[in-house]
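Down below is the structure, laid out as structure tokens.
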Protein chains: 2
Amino acid sequence: MQVSKTLDYALRSLTLMSSSPVSTYRMKDISEQRNIPLNYLAKIMRKLVNKGIVRSRVGPDGGYVLEKPPSDINLKDVYEAIEGEMRVVDCMDKDALCTFYESCPQIPVWDKLHVSLTDILKRTTIEDMVKQNHL
Amino acid sequence: MQVSKTLDYALRSLTLMSSSPVSTYRMKDISEQRNIPLNYLAKIMRKLVNKGIVRSRVGPDGGYVLEKPPSDINLKDVYEAIEGEMRVVDCMDKDALCTFYESCPQIPVWDKLHVSLTDILKRTTIEDMVKQNHL
DNA sequence: GTATTATGGATTTGGGAGGTCCACAATCAT
DNA sequence: ATGATTGTGGACCTCCCAAATCCATAATAC
């Protein structure tokens with residue numbers, strides 16, 4: 001029941017970038033200012049690019065810009081960019097069908113957790129985090 | 001953000017035992033009926049014993065009994081018996097102090113998740129699971 | 001054409017969840 | 001008191017994956 005370091009890194013980067021949402025940030029600067037291993041950050045940024053959360057430009061004067069204003073980036077999107085769709089237990093997956101699936105007493109509980117988590121993440125934006133709104 | 005297989009195993013065992021809360025269940029039977037590797041189950045049961053959730057007796061006619069009625073066993077206790085105290089992020093630990101701890105914008109969010117999760121677990125008992133109450 | 005930047009894939013490493021094994025202790029029946 | 005049955009407790013193994021590293025390449029600016 002823990003948040004991954006990778007998600008932490010992604011949020012560190014996004015909150016940094018949201019301090020000046022129109023500027024371009026070079027990977028190297030993000031890495032240094034937020035204490036993230038450069039080459040690992042590269043992989044993380046690609047995921048954010050692919051999800052349409054940030055835009056990238058190559059070459060001198062290149063770097064990353066937020067694709068949307070911080071108030072339009074919610075944590076559920078960031079989570080899914082990094083981890084894929086949230087699944088609290090594996091048996092929710094079609095492939096890994098558990099023997100007891102038919103009458104499993106646990107599923108409603110995990111479902112409830114899942115809804116609650118997803119809800120909080122969906123309602124919280126990068127702006128909320130930075131401005132400490134709704135928290 | 002996933003529930004461990006070990007916690008799943010613990011809950012499978014407890015829901016089985018709650019079908020007849022006064023009877024004694026042999027480890028071997030729990031293992032077979034709930035599809036849990038016998039020797040691994042041994043480690044899990046010890047944790048439940050140490051937390052005072054089940055009682056054990058050695059020897060012929062030995063086995064495990066619920067220490068309390070299923071309506072008095074909540075999932076937070078079971079979670080903590082298995083995983084220790086819940087920590088959504090590592091920086092909540094005193095030892096692993098993060099560089100940005102002083103002004104970390106993430107902490108309020110993780111705190112909110114933590115409260116929400118803990119709350120649901122605390123309010124849900126083994127009886128609720130079995131009878132599908134409150135769910 | 002050269003410097004600067006991101007891209008994308010291959011590869012390594014460490015730690016821990018999940019699982020196994022076994023010698024031992026407690027308890028029961030005969 | 002002996003043997004069968006059961007849980008105990010620790011040592012140990014194994015495999016997977018998050019985290020990290022490395023590098024050759026592509027894009028863009030001047």
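Note that the structure is a prediction, hence the values are computed from the model and not measured. Here is how names work: the chains are called A, B, and so on, in the same order as the sequence lines, proteins then strands, and each is numbered from 1.
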Distance test, side-chain N/O of B/Y40 to OP1/OP2 of C/dA17, below 4.0 Å: no
Test item: side-chain donor near acceptor, B/S116 and B/D119, under 3.5 Å: no
Residue met sooner reading DNA chain C from 5', once B/Y9 and A/N50 are mapped to nucleotides: A/N50
Pair of N/O donor and acceptor under 3.5 Å linking C/dG19 base with B/K43 side chain: yes
Comparing B/P60 and B/Y64 on DNA chain D - which has the more 5′ nearest nucleotide: B/P60
Rounded interatomic separation in angstrom, taking NZ from A/K47 and P from D/dA19: 9 Å
For atom CE of B/M17 and atom P of D/dG7, their distance in whole Å: 10 Å
B/K5 side-chain N/O to C/dG19 phosphate OP1/OP2 under 4.0 Å: yes
Distance test, side-chain N/O of A/S56 to OP1/OP2 of C/dT5, below 4.0 Å: no
A/P37 vs A/V58, nearer the 5' end of DNA chain D by closest nucleotide: A/P37
Side-chain N or O of A/T6 closer than 4.0 Å to phosphate OP1/OP2 of D/dA19: yes
Heavy-atom donor-acceptor pair, B/R46 side-chain to D/dG9 base, under 3.5 Å: yes
